[in-house]
Amino acid sequence: PEPGMGEEAPYPVIGLFHGWGGEKIGLEDPRVQQWAEAGYVVFSMSDRGWGNSCGSSDPDRLTPACAQGYNHLMDDRYEVRDAQYLISVLADEGVAEPKKIGATGVSYGGGMSMALAALRDRTMKPDGTLMPWKSPGGKEMELAAAVPQWPWTDLAYSLMPNGSTLDFVADSPYEGPDGNAPIGIEKLSFVSGLYGTGLLESNYSPTDQEADLNGWYALINSGEPYESKPQAQEILDQITTYHSSYYIDHSEPPAPLLIQNGWNDDLFPVDEAVRYYNRTRAQYPGDPISLFLMDDGHARSQNKEADAALFLQRENAWFDHYLKGVGPAPTSSAEALTTTCPKESASEGPYRADSWEDLSPGEIHLDGLPAQTIVPGAGDPSIGKAFDPIGGGGACATAPGPDQTGTANYHLQVPAPGFTLLGSPTITADVATTNVDSELAARLLDVLPGGEERLVARGLLRPGNGGTAVVFQLHPQGYRFAGGDVVKLELLPSDSPYARPSNLQAPITVSNLRLRLPVLEQPGSLGGLVQAPSNPRTGPAHTAALRAVAASGGSKAGIASLVKRLLAGRRVVTLRLKCSGAPCNGRISLAAGRRSLARGPYSIGANRSAKLNLRLTKAGRKRIGSLRRAGARTLRVRVTLADAGRGAPLTLSRSLRLRRHP
C-alpha cells in the first residue's frame, strides 16, 4: 500500500514477516493498511520454501529457479539476508529510508525480527562472517527498531530444553553456565506438528546437510542417548550458530527492541524473551529494550482481543518514535497482563516495572519437605493430554486433581485473599538418578475448590548426574491464585504427549526441595507469608550476576566484548575484543567441559579493539588436534571474560572454528 497522503519519499519502512506455514502478508492484516495510512511503507515477503518462494504450491518449485529456494529454517545467512537485500533494493529505488527500518512478525516472523535486530547494521554471508549491511547501490543500511512477537532467541532450547535457562543470570547459553549441560528433551507434540506442516506446505532439501530438516527430525525422534550420536552435536551447533539471535555476535547493541511473548505459549515461552533481555541489559545498560508479556501466542494461549489492542498501542508508539521521531522515547521496562479464566474475563493489569526482576517485589517459599521418588512410567496419560498444547483444552483446561502414584507432589494452601504469581517458579533441590539420560518434568497447578486442577506453568529438566542444590525453573507465568485454592507442584518422569519420554528413564529421588514463587505482593503481606526476594538467589555461581554486571555500567573501567569468531590454529586461538567506555584490563579463558583450552590477559585502549592470540594449553592442543583429525570443523566452547569494568565474570557459549592444515 502507498503511504499516507502528503508524505514524500523516501519513507520509513516496517517489515512485517509471516509465521511458520504462512506467506507474505497483505491487506488481510489490518495493521498493513493502518501503517500505510500513517506514512510507512509496509514490506512483506514469502521466506524461502513458503508460498511462491518455492513453497509446495509454487509452480516453479521443481525448476532451476528454486535450486536454492528450499527451507533453511530461518537461517541468518539465507532467509534473514534475503529480507535485508530486498529492503535495501527499496532504498536504492528511493522508496525506503535506509536507516529508518522496523521489523515485526509473529513466531517464525518473530525469529526473523529478532535476528534483524541483533544484526542491526550487519549482514551474514554464506560462510558465516559478518560484513556491513549495504544496498546494491552502496547505501549504508540499518534497522532502527524491532517488535518481535512470540519469538525464539535460542531455537535449540525452545524445541529441546534441558533446564539450563535461568532468569536471574546475565547469560543463559544452551549448554549452561559451565558449558556441560546435556542435550535436552524434545517438545514432541509441537515439533511433530511443525515438521508435518512444513512437509505439506514447504520445501525441504534432500541434500543440504546444513538444512537437513528431514534428517534432523529423524535423529531427534530416535531419542536418547544423544551423546552417542555425533550428528546430534552438529545439529546443536548449526541451530545455535545460524538460527538463533542469542548467538549472533553482540559486540554492538541490538536495535531498540520491544519483545512480546506469552505466558501460556509452550513453544516459545516468556523465557525466550527474558534470556535476550537480561544479557542486553547487563552488557548495554542504557540500550532501549522492553518486554510486554500477556496471554498471547501459540497454543495454549487465549489471544484476547483487548490485550492485543493494548499491545498494538505500545508497538505503534515504539515504531513512531524510532522510525519517525514522533512522541517521547519509550522507557525500557517490563509490562505484563495476567492470565485469567474463562477467556471472556478481562486480564488483570497492566503491571509495569523498570525491569523484569522488579515485576515481582515479593516471594513465597515452600520448603522443609521430605524426599520423594519419581518412578519411570508414572503419570496418567489422560491428564497429560488435557494439558497438551496441540490436543488439549487450552490455558483454562482442567483435569482430575488427586496426586498420581509414582510422582512427587508438594502442596501450599492459598490464604485469603490470594496472591498473583508474576515470574518464574524456581525449584532448588538435591536430585539423584542412576542414568544421565533421565528426564524430569514439572507442572505447577492450581487445585480449585472442586478438586480439579488447572495447569499454570511447566518445565523440563535433563538432570544429568543430578547433584546438590540443582536449580531449575518452570516457564514464567502471570496468574492469580484465589484464596482457598491449593498451589500444587507435581514432578513426573515425562510430560507426555507434550514432551517425548526418555528411552533410558531411571528413578529420580528429589530431596531438600524449595519452591520459590515470585509474586506481585509486597514483602510482609499475607501475614508474613510473602518475603523479600532472596539476594542473591541460589544459582550456579551463587551471585547476583545480572545486578552486578548492570551496575558496572557507570564504573571507571571499560567493558570488553567479543567482536569476531574464534579461530583455532595449531598452537593459538585467534579472536578480537572490543573495549567500550574506559580502558579495559582483564583475563579471558576458553574451556570445553572441565578442560581448559586457552587463557591469557588483555589490555585494550578505551573504545578500541584488539586482536588476541591465546596460546593453547597442552590439553587444548590435544583436544583440538584429535577433533581436527576426526574431521570436525567446530567445537562449542565456554568463553569467560573477567575485567575490572564488569561486576562479575561474563561467561558465553561460542563456536570455535578449527582451522584446517595441509
Side-chain angles (χ1 to χ4, degrees), residues 12-17 43-45 47-48 72-91 96-105 108-136 138-149 151-155 210 238-259 272-273 275-277 279-280 283-284 287-289 318-319 322-323 561-566 576 578 580 609 652-655:
V13 179
I14 295 178
L16 179 59
F17 300 98
F43 167 83
S44 191
M45 59 181 259
D47 297 326
R48 294 194 192 203
H72 289 74
L73 195 61
M74 194 53 70
D75 194 312
D76 301 326
R77 300 167 296 176
Y78 299 102
E79 286 92 344
V80 178
R81 188 163 55 94
D82 290 343
Q84 293 176 310
Y85 170 77
L86 291 172
I87 292 172
S88 70
V89 169
L90 293 178
E97 291 193 47
K99 295 190 176 184
K100 294 296 182 182
I101 302 164
T104 189
Y108 202 57
M112 169 76 84
S113 305
M114 284 296 312
L116 289 169
L119 290 164
R120 193 167 186 166
D121 60 356
R122 303 164 297 173
T123 192
M124 187 178 290
K125 297 193 296 184
D127 65 0
T129 59
L130 296 175
M131 61 181 294
W133 177 16
K134 291 186 177 181
S135 72
K139 286 185 169 64
E140 294 182 350
M141 306 291 295
E142 182 175 354
L143 198 82
V147 186
Q149 290 187 260
W152 74 86
T153 58
D154 183 337
L155 187 58
E210 292 195 348
Q238 277 287 323
I239 296 299
T240 53
T241 303
Y242 301 120
H243 306 262
S244 301
S245 56
Y246 191 75
Y247 302 96
I248 292 174
D249 173 84
H250 52 97
S251 58
E252 66 175 59
L257 271 163
L258 171 60
I259 312 174
E272 289 298 311
R275 175 191 296 110
Y276 199 95
Y277 170 89
R279 191 187 63 192
T280 302
Q283 189 174 3
Y284 303 103
D287 198 51
I289 183 168
W318 197 265
F319 282 143
Y322 289 109
L323 272 61
S561 56
L562 282 171
V563 177
K564 289 190 176 180
R565 231 169 236 257
L566 309 173
R576 185 173 290 275
K578 179 181 179 181
S580 300
S609 62
L652 308 169
S653 178
R654 287 290 180 269
S655 181

Parallel, tilted or perpendicular: rings of Phe43 and Phe17 (30°, 60°)
perpendicular
Can you name the ring pair (Phe, Tyr, Trp, His ring centres under 6.0 Å) partners of Tyr322, sequence neighbours left out?
Trp318
Using 4.0 Å as the upper bound for N to carboxylate O, is an ion pair formed by Arg120 and Glu252?
no
Is it true that a side-chain atom of Thr104 and a backbone atom of Val147 form a donor plus acceptor pair closer than 3.5 Å?
yes
Heavy-atom check, side chain of Pro136 versus side chain of Ser88, under 4.5 Å:
yes
Evaluate side-chain contact (heavy atoms from CB on, under 4.5 Å) for Met74 paired with Trp152, printing each intermediate quantity in order.
CA-CA 11 Å; Met74 194 53 70; Trp152 74 86; 3.9 Å; yes
Between the CD atom in Glu272 and the CG atom in Leu155, the distance rounded to the nearest 0.5 Å is 8.0 Å
For a quick test of reading the model, state the closest non-hydrogen atom pair linking Ala118 to Pro254 and the distance between them.
CA-CB, 4.3 Å
Counting distance only, does the side-chain N/O of His243 pair as donor-acceptor with the main-chain N or O of Leu73 below 3.5 Å?
yes
Quick one: are Arg576 and Leu562 in side-chain contact, heavy atoms under 4.5 Å?
no
Can you find a pair of side-chain heavy atoms, one from Leu257 and one from Tyr277, that are under 4.5 Å apart?
no
Would you find a donor on one side and an acceptor on the other, under 3.5 Å apart, between the side chain of Ser44 and the backbone of Leu16?
yes
d(Met124 CE, Leu130 CG) to nearest 0.5 Å is 5.0 Å
With sequence neighbours left out, write down each residue that passes ring pair (Phe, Tyr, Trp, His ring centres under 6.0 Å) with Tyr284, or none if nothing qualifies.
none
Tell me every residue that passes salt bridge (Lys or Arg N to Asp or Glu O under 4.0 Å) with Asp154, counting only those two or more places apart in sequence or in another chain.
none
Compare every heavy atom of Ile259 with every heavy atom of Ala273, then report the nearest pair and how far apart it is.
CB-CG2, 3.6 Å
In terms of side-chain heavy atoms, does Thr153 have a donor or acceptor partner in Arg275 at a distance below 3.5 Å?
yes
Sorted by chain and number, sequence neighbours left out, side-chain hydrogen bond (donor to acceptor under 3.5 Å, both in side chains) with Glu79 holds for none
Using a 3.5 Å distance criterion without hydrogens, assess whether the side chain of Gln84 forms a donor-acceptor pair with backbone atoms of Arg122.
yes
Six-ring centre of Tyr246, Arg279 cation under 6.0 angstrom, axis tolerance 45°
yes
Work out which heavy atom in Pro151 is nearest to a heavy atom in Gly111; give both atom names and the distance.
CB-N, 4.0 Å
Test your reading of the model: is there a side-chain donor-acceptor pair from Ser135 to the backbone of Gly138, 3.5 Å cut-off?
yes
Using 0.5 Å steps for rounding, measure from the CG atom of Asp47 to the CG atom of Asp75.
11.5 Å
Using a strict cut-off of less than 4.0 Å between a Lys/Arg side-chain nitrogen and an Asp/Glu carboxylate oxygen, indicate whether Asp127 and Arg77 qualify as a salt bridge.
no
Measure the CD-CD distance between Glu140 and Glu142 for me, rounded to the nearest 0.5 Å.
9.0 Å
As a quick check of understanding, evaluate side-chain contact (heavy atoms from CB on, under 4.5 Å) for Leu116 and Val80, giving each step before the final call.
CA-CA 7 Å; Leu116 289 169; Val80 178; 3.7 Å; yes
Note: Leu258 and Pro148 closest approach over all heavy atoms is O-CD, 3.3 Å
Test item: Trp133 side-chain N/O and Leu119 main-chain N/O as donor-acceptor pair under 3.5 Å:
no
Show, in sequence, the C-alpha distance, side-chain angles and deciding distance for Gln283 and Ser561, and conclude whether the side-chain contact (heavy atoms from CB on, under 4.5 Å) test is met.
CA-CA 9 Å; Gln283 189 174 3; Ser561 56; 3.3 Å; yes
Under-4.0 Å salt bridge between Arg48 and Asp82:
yes
For Ala145 versus Ala255, what's the shortest heavy-atom pair and its separation?
N-CB, 4.1 Å
Flag the pair Leu143 / Asp121 as yes when at least one side-chain heavy-atom distance between them is below 4.5 Å, and no otherwise.
no
Give a yes or no answer on whether the side chain of Ser244 reaches the backbone of Ile239 with a donor-acceptor pair at less than 3.5 Å.
yes
Quick one: do Val13 and Glu97 satisfy side-chain contact (heavy atoms from CB on, under 4.5 Å)? Show the steps, please.
CA-CA 7 Å; Val13 179; Glu97 291 193 47; over 6 Å; no
By ring pair (Phe, Tyr, Trp, His ring centres under 6.0 Å) - contacts of His72 (at least two apart):
Tyr70, Tyr78
Donor-acceptor check, side chain of Thr129 to backbone of Lys125, threshold 3.5 angstrom: yes or no?
no
Among residues at least two apart in sequence or on other chains, which ones pass salt bridge (Lys or Arg N to Asp or Glu O under 4.0 Å) with Lys134?
none
